[in-house]
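Notes follow once the structure below has been shown.
Residue numbers begin at 1 in each chain, while the letters A, B, ... track the order of the sequences.
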Number of protein chains: 2
Amino acid sequence: MVKKPATIKEIAKALNISISTVSRALHDHPSIGLVTKMRIKQLAKELNYEPNQTAIFFQKGKSYNIGVILPELSEAFFSTAVSGIEDTANKRNYTVLLAQSHDNEETERKLVAKMKNQRVDGMLISVTKNTSSYDHFEVFRKSNIPVVFFDRIPSLQNIHSVACNMETGTFEAVSFLLKRGHRVIGMINGPTTLYATGERREGYIQALIKNRLKFDPSLLVNCDLTEAGTIGAMQELLSNKRKPTAIVTFNDYVALFAIRYARSQDIAINEELTFVSYANLPLINYMDYVPVASVEQFPYLQGQKATDILIDLLNNPVKDDAKQAYYNITVESQLVINEKATI
Amino acid sequence: MVKKPATIKEIAKALNISISTVSRALHDHPSIGLVTKMRIKQLAKELNYEPNQTAIFFQKGKSYNIGVILPELSEAFFSTAVSGIEDTANKRNYTVLLAQSHDNEETERKLVAKMKNQRVDGMLISVTKNTSSYDHFEVFRKSNIPVVFFDRIPSLQNIHSVACNMETGTFEAVSFLLKRGHRVIGMINGPTTLYATGERREGYIQALIKNRLKFDPSLLVNCDLTEAGTIGAMQELLSNKRKPTAIVTFNDYVALFAIRYARSQDIAINEELTFVSYANLPLINYMDYVPVASVEQFPYLQGQKATDILIDLLNNPVKDDAKQAYYNITVESQLVINEKATI
DNA sequence: AAAAAGTGTGCAAACGTTTGTCTAAAATGA
DNA sequence: TCATTTTAGACAAACGTTTGCACACTTTTT
């Protein structure tokens with residue numbers, strides 16, 4: 001009943017030629033005569049021949065698998081990045097093995113072990129919020145499995161990475177607000193431990209400098225990204241001697257919390273107090289009041305680039321470890337005006 | 001520099017024993033003496049031996065890959081389901097190949113082809129909203145690749161499926177509202193083409209019957225799940241002779257649209273008009289006004305069950321196609337009271 | 001006319017593992 | 001003590017493919 005899939009061997013036998021000829025013919029190897037090639041391809045089609053991938057993987061000593069470890073698939077940023085990864089990988093004949101760390105370092109460690117013995121050819125990793133030590137990634141180096149970190153990248157030397165430069169977008173965001181006439185602009189930034197927090201700060205300050213304005217540290221408050229933290233930050237900003245007329249928030253979640261709080265204080269959103277945020281998540285489609293603009297981080301693009309780099313690395317393995325060149329790609333963030341919020 | 005991973009062969013040679021002995025020893029085969037076994041395991045550990053998965057896959061003629069095709073990863077329902085799938089698959093030594101159809105039938109067809117020649121052992125599929133014909137799935141039957149459909153299942157005979165029974169949850173939801181004293185309960189249901197729409201309707205009616213109330217068809221309106229459609233449905237319900245004091249909405253998105261509209265009409269949410277919805281998405285954490293209760297569909301559990309069934313199917317292949325038994329698992333939905341909304 | 005180059009194909013090894021069958025030695029039974 | 005069973009391990013085939021090398025034949029060059 002169950003007919004086994006056709007093999008190269010069967011084709012060879014049926015045509016009374018050698019296996020190698022069949023293999024070469026199917027790969028359009030130049031040394032095979034046209035007639036034989038046609039006969040072979042013809043029969044292959046008739047028999048519905050499809051190469052046995054497991055055999056090829058084995059033979060080539062590769063799995064054509066790319067492992068991906070990221071914190072949380074349900075975050076829109078990551079699920080979009082995954083789309084970029086998948087599309088690129090599929091296009092280049094690789095397959096994606098996905099796993100979520102759920103922002104748990106322990107899980108991350110386990111996944112690393114799992115991935116390694118699944119024999120992935122390469123890895124794409126976005127580290128956990130809380131990952132403090134990076135030694136568990138060393139096994140990949142030892143096994144000669146290239147790793148490209150994306151978005152959340154560890155502070156290590158000699159790694160490949162793709163990340164988004166937040167400074168540019170922040171600069172644009174603040175410039176945009178300045179152009180709109182705002183002179184007192186607050187910022188609710190993230191925890192100082194995050195690299196991205198520093199970039200936002202820098203962009204903010206640079207935009208002020210460029211416009212010959214003085215940087216007022218009391219207008220820049222850090223927060224832990226929770227709702228409570230955001231409310232605290234808002235209270236601090238709103239009670240400032242110079243009360244801001246616009247606020248840049250670390251991400252859309254913070255924006256949501258901040259806007260909600262502002263409304264509870266009967267502040268007219270984007271009139272009395274204008275908001276600009278980051279990420280541009282689908283979330284804002286469902287908010288009643290949304291930031292007037294968002295700094296886009298291009299997750300799909302980041303996924304694409306990281307995958308491209310990884311596959312290039314796989315196709316051109318370095319012999320000499322010392323001569324290894326490291327890719328550190330930066331995607332520029334970019335301000336996007338939110339049409340829904342035009343008032 | 002790059003040291004190749006150790007193989008069974010090397011271990012054999014180093015210990016001057018046969019390959020088969022090493023293989024069996026590592027598998028705790030009873031016919032291997034204790035001392036040899038220990039020696040082998042010892043050396044294997046020293047050499048950091050790890051079985052070459054590609055070789056094993058090839059040898060066993062299996063890929064230990066499970067293909068998953070679903071509409072949209074960024075929908076919380078699916079990303080949660082994927083977690084269930086991954087966890088179960090990993091536990092049982094399978095690997096997950098993920099792909100999104102983005103609710104596009106054409107993409108779905110392409111993915112099917114892709115998956116088949118990636119030589120997956122089995123498939124988990126949640127079909128596209130728009131999939132009208134199911135013949136592209138036939139290739140799996142022909143290649144003897146078992147398929148388990150989940151959540152969105154095609155209306156076909158002789159398939160394996162895991163889905164959530166919406167009737168139970170709907171029954172509970174309406175009963176809950178009745179117990180709270182509501183007597184005029186509206187429902188914004190989905191398009192009649194969806195199976196789940198029928199189940200909701202049935203649950204709604206059954207709850208009324210059970211409470212000796214008459215079913216009033218004018219209180220049950222269908223909609224296309226868009227914001228415009230929802231507003232239309234709301235207008236219809238609110239202008240009804242018997243104006244509802246509570247509304248059950250098809251899902252959280254519809255709930256959001258409906259609540260937003262109600263607020264635009266200055267209706268006090270969950271006082272003047274009470275909402276109950278489905279899904280319980282993270283979305284509602286970010287809504288200012290949320291339904292008082294949601295019908296939970298247990299996506300994680302569905303993913304788990306579907307994967308378990310699939311792997312069972314893989315481990316116990318049927319010889320005789322005619323004798324195939326089909327699994328059709330139903331997960332009961334369940335009402336969950338939303339604490340945030342308690343007023 | 002002989003040598004060289006080109007063309008088309010076959011042979012066989014290799015990749016790492018599992019597993020059915022075979023054998024030698026040791027243990028058991030009478 | 002010899003026959004039988006048990007134990008511990010070896011041998012070799014098989015899985016499907018790719019690829020370096022060899023070979024025969026034909027064509028071109030000298």
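- In terms of phosphate contacts, B:Ser23 brings no side-chain nitrogen or oxygen within less than 4.0 Å of OP1 or OP2 of C:dT17.
- Here A:Ile17 lies in heavy-atom contact (under 4.0 Å) with sugar-phosphate atoms only.
- Among the heavy atoms of the strands, none lies under 4.0 Å from B:Phe57.
- For A:Ser18, the side-chain atoms get nearest to C:dG10 when compared with the rest of C:dG10, D:dA14, D:dT17.
- Between B:Glu10 atom CD and C:dT17 atom P the separation is 9 Å, expressed in whole Å.
- Between the side chains of B:Thr54 and A:Ser63, no donor-acceptor pair of N or O atoms lies under 3.5 Å.
- A distance cut-off of 5.5 Å between ring centres, combined with a plane angle under 30°, places A:Phe58 in a stacking arrangement with the base of C:dC15.
- For A:Arg24 and C:dG8, a side-chain-to-base donor-acceptor distance below 3.5 Å is absent, hydrogens and geometry of angles not being considered.
- In this structure, B:Ile8 atom CD1 and C:dC15 atom P are separated by 14 Å, rounded to whole Å.
- Tested against A:Arg92, the residues A:Thr307, A:Asp87, A:Asp312 include a single side chain to side chain donor-acceptor pair (under 3.5 Å) partner, A:Asp312.
- The side chain of B:Lys9 places an N or O atom within less than 4.0 Å of a non-bridging phosphate oxygen (OP1 or OP2) of C:dC15.
- Counting distance only, with no hydrogens placed and no angle test, the side-chain atoms of A:Ser20 and the base atoms of C:dC11 include a donor-acceptor pair under 3.5 Å.
- Comparing A:Pro51 and B:Lys37 by the nucleotide of DNA chain D that holds the closest heavy atom to each, the one mapping nearer the 5' end is B:Lys37.
- If you check the side chains of A:Thr128 and A:Glu108, you find a donor sitting under 3.5 Å from an acceptor.
- The side chain of B:Ser31 contributes no N or O atom lying less than 4.0 Å from OP1 or OP2 of D:dG9.
- Residue A:Thr21 has a polar side-chain atom (N or O) positioned under 4.0 Å from OP1 or OP2 of C:dG10.
- One interatomic measurement links the two molecules: NZ of A:Lys13 to P of C:dG10, which rounds to 15 Å at whole-angstrom precision.
- Between the side chains of B:Thr21 and B:Ser18, at least one donor-acceptor pair of N or O atoms lies under 3.5 Å.
- The pair B:Lys142-B:Glu138 fails the salt-bridge criterion, with no side-chain N (NZ, NE, NH1 or NH2) lying under 4.0 Å from an Asp/Glu carboxylate O.
- Close to D:dC15, at under 4.0 Å from its OP1 or OP2, lies no side-chain N or O of A:Thr7.
- Atom CD1 of B:Ile40 is separated from atom P of D:dA8 by 13 Å (rounded to the nearest Å).
- Between B:Asn16 and B:Gln59, the residue anchored nearer the 5' end of DNA chain D, judged by the nucleotide with its closest heavy atom, is B:Asn16.
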